Every structure is written in C-alpha cells, then in structure tokens.
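Okay, handing you the structure first.
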Amino acid sequence: AQSVTQLGSHVSVSEGALVLLRCNYSSSVPPYLFWYVQYPNQGLQLLLKYTTGATLVKGINGFEAEFKKSETSFHLTKPSAHMSDAAEYFCAVSRNEKLTFGTGTRLTIIP
Amino acid sequence: DTAVSQTPKYLVTQMGNDKSIKCEQNLGHDTMYWYKQDSKKFLKIMFSYNNKELIINETVPNRFSPKSPDKAHLNLHINSLELGDSAVYFCASSRGGGGRTDTQYFGPGTRLTVL
C-alpha cells in the first residue's frame, strides 16, 4: 500500500522567510510524487511532480521539492514566502492513475 | 476557458433527496475522476472513468452513481442524501494512458450541504 504523511497540519512563516512543508511517503514501488496547492474556495492546482530523473524538482511560484529515497521524503520548499502563498498544500503519491493524498498542511504567512 | 468545470458550485438540500453534480472538461483528456473532501480537508478518490468506462471504484456507498455520457463529461448522482454526504466534491481529469505520472487537473469543487 502507498501512503503519504504530512508533518504539521498548520505551518506559519513570516513574509520573506523560508517555507518548508514536510512530506514522507511509503511505497512498495518507485514512487511518483506530487505537490498540489489549494487556495481558499478553489480546486487543487499542481505545483510540481517527481517521476524519474533529477531528484530536485522545480515547480511554479518559486517552489521546489527534493526527492530523497534514503529518507523517503519529498519536502516542499520556497526560499522566500509571499503573502499570496497562503493556502492548503497537499502531498500525494500515485499508483496507476490513483492519487493518494496526505492530510494537507495549511500555510499561513505572517506580515 | 475553464479547463474542468463543475455545476453547481454550491448545493444545499434536505436529507433523503436525490441530487446530481455535473462535470465537464475541455482538455481532451481520456480519464476523469470524482474526489470527496471532508470537513478536515481530507481528499479521497471515489471513482475514475477512462473513455466512459469505470476503472476505479473505491468503497463508496451504492447511493453514489457516476455516469459518463462521453469522455468529456462525468456526472455524479447521489440518492437518498445523508448528513455525512456533506462535503466538497471535486472533479478532475488527466490525459490517461500515462499511468502513474499523469497530472490531474481539478475543477473548482461543489460544496454539498445536507440539512
């Protein structure tokens, strides 16, 4: 069975500070990993995904994530938080065409 | 143009009623999905269709019946609505055929409230 665990249901950072959202996965096969963002009252939007190849993946809005097999992690980072980054972030693992989501992390940006 | 659209955006209804949610995608994708997001924001897949054929059916009560008239549409009909059905329902689509690497594109969601 494949699953993801997001550590921290709420994360608050100051504007301009580093954003770090944690995601660990368990998978019996090489994982395909995704980060999605959900802005208030909207659907989910893909930030980035890891399939194969380079383990550091760059996404939209300045976000990136690094796949670390030894740590079974796929943490999401952004060097400098912006007020517009306030949203819910979901990590997901894919099996066939089925996405299994983590429980989400709400990111709050402090002015 | 909206890539994945859902109607209605909000749906308030009484227990026991039957209601439908419609989804359309104009991306030319072959695969469509329904997800349920509960009050704690937990997202879980319900159904998936590929070219009008059901390929994923999670343990969803049979009061929920998806229907795909063509590959651009996937509707969700719910019979005998219960309080626990209150949630946000998201439709999504993907290219299909790419298996685990396909990106899924989500609609804006339908917030269902059962009174």
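Note that the structure is predicted; figures quoted are calculated from it, not measured. Every chain is numbered from 1, with letters handed out A, B, ... down the list of sequences.
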Close side-chain approach of A:Asn41 and B:Arg111, heavy atoms under 4.5 Å: yes
Note: A:Lys98 and B:Ile56 closest approach over all heavy atoms is CB-CD1, 3.7 Å
Taking side chain as everything from C-beta outward and backbone as N, CA, C, O, which of these in B:Lys44 sits under 4.5 Å from a heavy atom of chain A? Side chain, backbone, both or neither. neither
Locate the shortest heavy-atom distance separating A:Gln38 from B:Phe90; write the atom from each residue and the value. NE2-CZ, 3.2 Å
Determine whether B:Leu112 and B:Val4 fall in the same hydrophobic cluster, where Ile, Leu, Val, Met, Phe, Trp and Tyr are linked whenever their side-chain heavy atoms lie under 4.5 Å apart. no
One should read off an interatomic distance between B:Lys40 NZ and A:Ser9 OG, to the nearest 0.5 angstrom, of 10.5 Å
Say you draw a straight line from OH of A:Tyr32 to CG of B:Asp102; how long is it, rounded to the nearest 0.5 Å? 11.0 Å
Okay, A:Tyr50 and chain B: the region with an atom under 4.5 Å from a heavy atom over there is neither
Is the count of non-hydrogen atoms from other residues, nucleotides or ligands lying under 6.0 Å from B:Tyr105 atom OH greater than 12? no
Give a yes or no on whether B:Ile21 and B:Met32 share a hydrophobic cluster (residues Ile, Leu, Val, Met, Phe, Trp, Tyr; joining criterion: side-chain heavy atoms under 4.5 Å apart). yes
Do you reckon A:Tyr39 sits in the same ILVMFWY cluster as A:Val13, going by side-chain contacts under 4.5 Å, direct or chained? yes
Do B:Phe47 and B:Val88 share a hydrophobic cluster, counting only Ile, Leu, Val, Met, Phe, Trp and Tyr and linking them when any side-chain heavy atoms are less than 4.5 Å apart? no
Once rounded to the nearest 0.5 Å, what's the spacing between atom OH of B:Tyr35 and atom CG of A:Leu44? 9.0 Å
Turns out that what part of B:Gln37 lies under 4.5 Å from chain A's heavy atoms comes down to side chain
Give a yes or no on this: more than 12 heavy atoms of other residues, nucleotides or ligands lie within 6.0 Å of atom NZ of B:Lys9. yes
Decide whether B:Ile45 and B:Phe64 are clustered together by the hydrophobic rule: side chain heavy atoms of Ile, Leu, Val, Met, Phe, Trp, Tyr closer than 4.5 Å, transitively. no
Closest heavy-atom pair, B:Thr103 versus A:Phe34, reported as atoms and distance to 0.1 Å, is CA-CE2, 4.4 Å
Please report the interatomic distance CZ(B:Phe106) to CG(A:Leu46), rounded to the nearest 0.5 Å. 9.5 Å
A:Glu88 versus chain B, the contacting section by heavy-atom distance below 4.5 Å: side chain
